[in-house]
2 protein chains.
Amino acid sequence: MDRKAPNDTAATPAKKITMKHIAEYLNIDRTTVSKAMASTPGVSDKTVRMVRQAAEELGYRKDIIASSLMTGKNALLGIVLADMWRGIYAPFVDSFQKSAYKNGYGVILQYVDKRTIGVRQAIEVLKQQRISGVTFISGATSEEDNPALIELAESGVAVNTTVRDLLHDRIDTIHFDNRNAGYEAAMHLIELGHRNIVFMGENRVNLTMSQRFQGYKQAVEENGLPSQLVETHENVWPKGMDVQTAYRLAKQLWTGQPKPDAIIGGNDNIALGVLFALKEEGVHVPQQVSLLGFDDLYAILAVPQLTSMRMPIMESGTTAVELLMERLNNPAKQAEAIKLAYEKIVRDSTAAAVK
Amino acid sequence: MDRKAPNDTAATPAKKITMKHIAEYLNIDRTTVSKAMASTPGVSDKTVRMVRQAAEELGYRKDIIASSLMTGKNALLGIVLADMWRGIYAPFVDSFQKSAYKNGYGVILQYVDKRTIGVRQAIEVLKQQRISGVTFISGATSEEDNPALIELAESGVAVNTTVRDLLHDRIDTIHFDNRNAGYEAAMHLIELGHRNIVFMGENRVNLTMSQRFQGYKQAVEENGLPSQLVETHENVWPKGMDVQTAYRLAKQLWTGQPKPDAIIGGNDNIALGVLFALKEEGVHVPQQVSLLGFDDLYAILAVPQLTSMRMPIMESGTTAVELLMERLNNPAKQAEAIKLAYEKIVRDSTAAAVK
DNA sequence: CTGTTAGCGCATTCAG
DNA sequence: CTGAATGCGCTAACAG
């Protein structure tokens, strides 16, 4: 019962094939097998071929755990995040996972939360699995966690962050080019002939949005146009709050004079709120007013679908993996701060201004 | 340099503390330490206390990898999913991860995709990490993967699925009670005095939605009211498509007679599309028409915010972990099919019918 | 280029 | 109740 006939073709490979088995099978040493499988220099091509083929035949799969015990590394990348509710993390995780897989790595998720699990504990958990690299998503860490990140990086684990300043010469970071996105958004409307463009958003607490506003401001001023900021005066979390606020402010805006011929919502939520207000006022989008959002998270949920500056979240997941791979290959390389560009997605909410 | 003073308070614990160290520290055997830490019966309470305390003092952390090599198990749970883009997976993953952490388990993510990585490969990857349990999200697997799942379950890994039929007496499964949700949604409107309630959704391809419709149908019929289905006639993917379609159909609906006094959108997207149409028609929600959606994914992005039947996704992640834990404790237990209830979230889009 | 020896850190026999 | 021996499967030094 513990001996299976070799020609047992039942769907039960059950018995685990180890290097030992393939060594015995070929009458060579198990360490030679190890070297052959690992492409260690100093093994004849012939042996390598023999071993590889035997491995194939016997259905050998390397035991990652045992390997990991020796090498101290595991082909696993970690993602540390605070919350997946905000929506924008899902595509990040998705693309990160896909890229990692292509590179032969698995992905392990670790959530942090002020009340229950701190960054240090999260790192502890990941280190126990011998992860090779970790990415810390914006919001998961704050200034006070810097020492922990640095310590981790210096212990030989590849590390990067998103939307944080560079904090160490071995920790790469990824940014989103919000300022330029704001600039391009405004230029799009200006080129369509709009002269009176309003930016609506929260400009004090939210750095992302204030950068978008700065870009907008530069564009209109360069073109001799007035800049107007309508502040939502609220923290944008929880999501949805800003829809209602934007709605209220847009209604209000329509009681005054002059009325804008184009509106930029600092994110899609805000644009959505404005859209509802305009519908109620009987204002047609884009015939009378052009409307534009940011992030492209909810843009296609609108009627008409919104022109939006798409946040390169998918790209950021891929980039995060690439940075980790580069650093694993060259641990001493100088830290990079990569700035990802937004993509302008033109849909039906923006059109040429009427004369 | 390899001997640190015990009162070394520098932030570098660096040197790894193993059971060997704590054994030497206490002048006992390493295997005794092992037993003490594992609460194996047959060790004196005194020794256990001694060991535990020494472990604490020295900052000992058990090496999961080494442990795993011996036991064949790792405190890791896997999630197999097809895509995170649809939005509904994010809260699942989020709550799954949190629950897993509370139970002392980590989470490893594994994506599958027809073109690049099949279910069998995904399972292979996870088994290599010696995961203790796996959950397969709806959409990640199909009938043809059943043998692989069964094999996995029989190999001693805890397994469950979501929105799939029971396929083995050791594989639990989680469902959403769509039919009852449809029933309650309709009852909510009926109790508000609405008599002419339309259900809008895709009823052929999408099983989820047709179950919701069935529930709605039962409720109106029980109350002697007419049931009316407006079919979107389209596959609901890609998301957003249904918003536009629903918008078109609602506009159309408003050209005919009689006009409904309440509309149920088979999901929030559809309700959103209807809302845009009603705004354009100058119809006030909820004063003239009550509107209700499903899923509660985008309900708060509307003005007014939508009453919606919230899909218990967060609960499903937690439930998935609980099922895995139960099965790990009792591998032979009969498979369960759990049906999770929706929660009715009443907001501003539904109100009493005008007489 | 191959085989020998040794050990990663832990857990599970079995004697004492 | 404790200690001594043994091995999980692999890799890394060295010697042959």
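Chain letters run A, B, ... following the sequence lines, proteins first and then strands; every chain starts at 1.
Using modelled atom types, one finds no donor on one side chain facing an acceptor on the other under 3.5 Å when comparing A/Q128 with A/E124. If you check the side chains of A/R327 and A/S132, you find no donor sitting under 3.5 Å from an acceptor. Between the side chains of B/T173 and B/T161, at least one donor-acceptor pair of N or O atoms lies under 3.5 Å. Inspection of the A/S155 and A/K127 side chains reveals an N or O donor paired with an N or O acceptor under 3.5 Å. Judged purely by distance below 3.5 Å, without hydrogens or angles, the side chains of A/Q129 and B/N74 pair a donor atom with an acceptor atom.
Among residues two or more places apart in sequence or in another chain, the side-chain contact (heavy atoms from CB on, under 4.5 Å) test is passed with A/L58 by A/I17, A/I22, A/Y25. A/F92 is linked by a ring-ring contact (aromatic ring centres under 6.0 Å, His included) to A/F96, counting only residues two or more places apart in sequence or in another chain. For the side-chain contact (heavy atoms from CB on, under 4.5 Å) test, residues two or more places apart in sequence or in another chain that qualify with A/N330 are A/A332, A/K333.
Summary of helix geometry: the two end axes of the helix from C/dC1-D/dG16 to C/dG16-D/dC1, each defined by five base pairs via their C1' atoms, are inclined to each other by 40° (rounded to 10°).
One interatomic measurement links the two molecules: CG of A/L26 to P of C/dG3, which rounds to 11 Å at whole-angstrom precision. In this entry the distance linking NZ of B/K73 with C1' of C/dC10 reads 18 Å, nearest Å. Between the CD atom of B/E24 and the P atom of C/dG9 there is a distance of 12 Å, given to the nearest Å.
Of the possible donor and acceptor atoms, one in the side chain of B/S99 sits under 3.5 Å from a partner among the backbone N and O of B/S95.
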| remark: Quick tally for nucleotides 8-16 of chain D: nucleotides whose base has a protein heavy atom under 4.0 Å get B, sugar-phosphate-only ones S, the rest -, giving BBBBBB---

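Within the nucleic acid shown, A/I65 has no heavy atom closer than 4.0 Å to any nucleic acid atom.
Using a 4.0 Å cut-off on heavy atoms, none of the residues of residues 46-55 of chain B approach DNA chain C.
Shortest non-hydrogen contact noted between B/D113 and B/Y111 is CB-OH, 3.3 Å.
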